[in-house]
Amino acid sequence: KSAGQQNVTAAFTTKGDHVRFAPAISWYYSAFSVVGEFIGDYYEHAGAAARNVTNYGWNVSGGWVITGEKSTPSGVSPAKPFSWSKGTWGAFELVARVGGLDVDENVHTAGSAGSAFSYGTGLNWWLNDNVLFRLGIERTHFGGVRRNTTNAAIKDDELFVFSRLQLKF
């Protein structure tokens with residue numbers, strides 16, 4: 001599924017070995033962070049004509065804590081946690097992301113996409129060590145869409161606005 005919950009490919013089943021290769025790399029320095037990942041997915045499609053399938057995906061995201069706190073793999077700890085009475089607001093982080101997906105033509109059926117490319121930006125508000133609010137916007141372009149009037153999984157490219165409240169205990 002895409003970020004906006006559209007079905008990118010039609011449902012299918014696999015058989016035999018299924019291998020997923022997903023190396024990732026991250027870099028954190030002071031208020032900055034960069035995370036990248038590549039995913040290779042290899043398996044045998046269990047349809048009427050068994051075929052080997054290879055799908056690829058990747059993404060890179062970056063962040064900058066504009067209030068100056070240190071960015072770490074476990075998140076941001078605000079120097080001045082949110083407090084009405086003290087007039088403090090916590091920490092704010094600007095983020096950006098870009099990613100892609102390439103779907104094997106053996107599972108690229110009518111009503112599905114052969115590829116997707118997305119990019120977006122957002123703002124993370126770290127109220128304290130336990131509460132995070134995210135607000136973002138992401139654009140996804142679907143390539144190689146095989147349209148089918150009875151089962152169009154992908155309607156159009158999407159522009160997706162999202163928010164998330166995350167609690168950590």
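Since the structure is predicted, the reported quantities are computational estimates derived from the model, not experimental observations.
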Close side-chain approach of [X] and [Y], heavy atoms under 4.5 Å:
{"X": "Leu101", "Y": "Trp58", "result": "no"}
{"X": "Val98", "Y": "Asn59", "result": "no"}
{"X": "Ser118", "Y": "Glu158", "result": "no"}

Quick check for you: to the nearest 0.5 Å, what is the distance between [X] atom [atom1] and [Y] atom [atom2]?
{"X": "Asp157", "Y": "Thr140", "atom1": "CG", "atom2": "OG1", "result": "8.0 Å"}
{"X": "Lys80", "Y": "Lys86", "atom1": "NZ", "atom2": "NZ", "result": "11.0 Å"}
{"X": "Leu123", "Y": "Leu94", "atom1": "CG", "atom2": "CG", "result": "6.0 Å"}
{"X": "Ser74", "Y": "Lys168", "atom1": "OG", "atom2": "NZ", "result": "5.5 Å"}
{"X": "Glu93", "Y": "Trp64", "atom1": "CD", "atom2": "CH2", "result": "11.0 Å"}
{"X": "Leu159", "Y": "Glu138", "atom1": "CG", "atom2": "CD", "result": "9.5 Å"}

If you count the non-hydrogen atoms of other residues, nucleotides and ligands that lie under 6.0 Å from CG in Leu165, is the total more than 12?
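Counting other residues, nucleotides and ligands, CG of Leu165 exceeds 12 neighbours.
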
[X] with [Y], same ILVMFWY side-chain cluster at under 4.5 Å:
{"X": "Phe133", "Y": "Val161", "answer": "no"}
{"X": "Val34", "Y": "Tyr119", "answer": "yes"}
{"X": "Ile66", "Y": "Trp89", "answer": "yes"}

Hey, would you say the Tyr56 and Phe38 ring centroids sit under 6.0 Å apart?
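Close enough - the centres of the two rings lie under 6.0 Å apart.
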
Answer yes if the ring centres of Phe82 and Trp126 are under 6.0 angstrom apart, and no otherwise.
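Centroid separation for Phe82 and Trp126: 6.0 Å or greater.
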
Walk me through whether Leu127 and Trp125 qualify under side-chain contact (heavy atoms from CB on, under 4.5 Å).
CA-CA 6 Å; Leu127 284 82; Trp125 178 18; 3.7 Å; yes

Heavy atoms only: give me the nearest [X]-[Y] pair and the separation to one decimal.
{"X": "Val95", "Y": "Thr121", "result": "O-OG1, 2.9 Å"}
{"X": "Ser77", "Y": "Asp129", "result": "OG-OD1, 2.6 Å"}
{"X": "Val76", "Y": "Pro78", "result": "O-CD, 3.5 Å"}
{"X": "Tyr29", "Y": "Trp27", "result": "CB-CZ2, 3.3 Å"}
{"X": "Arg134", "Y": "Leu132", "result": "NH2-CD2, 3.3 Å"}
{"X": "Glu69", "Y": "Ala79", "result": "OE2-N, 3.0 Å"}

Return yes if some donor-acceptor pair links the side-chain N/O of Asp104 with the main-chain N/O of Val53 below 3.5 Å, else return no.
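Not confirmed, Asp104 side chain does not pair with Val53 backbone.
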
Do side-chain atoms of Ser33 reach the backbone of Gly62 as a donor and acceptor pair under 3.5 angstrom?
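No, the answer is negative, given that no donor and acceptor are paired below the 3.5 Å cut-off.
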
Quick one, Asp17 with Tyr42, criterion side-chain contact (heavy atoms from CB on, under 4.5 Å). Give me CA distance, side-chain angles, the key distance, then yes/no.
CA-CA 8 Å; Asp17 293 333; Tyr42 314 95; over 6 Å; no

Is a donor from one side chain sitting under 3.5 angstrom from an acceptor on the other, for Ser115 and Asp102?
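Result is no, nothing qualifies.
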
Stepwise side-chain hydrogen bond (donor to acceptor under 3.5 Å, both in side chains) test for Asn52 and Tyr43
CA-CA 6 Å; Asn52 289 328; Tyr43 55 88; over 6 Å; no

Please report the C-alpha distance between His18 and Asp41 in whole Å, then the side-chain angles of each, then the deciding distance to 0.1 Å, and finally whether the side-chain contact (heavy atoms from CB on, under 4.5 Å) criterion is met.
CA-CA 8 Å; His18 186 164; Asp41 200 28; 2.7 Å; yes

Before you tell me yes or no, could you show the steps for Leu167 and Asn130 under side-chain contact (heavy atoms from CB on, under 4.5 Å), namely the whole-Å CA-CA distance, both residues' side-chain angles and the distance that decides it to 0.1 Å?
CA-CA 6 Å; Leu167 306 174; Asn130 299 319; over 6 Å; no

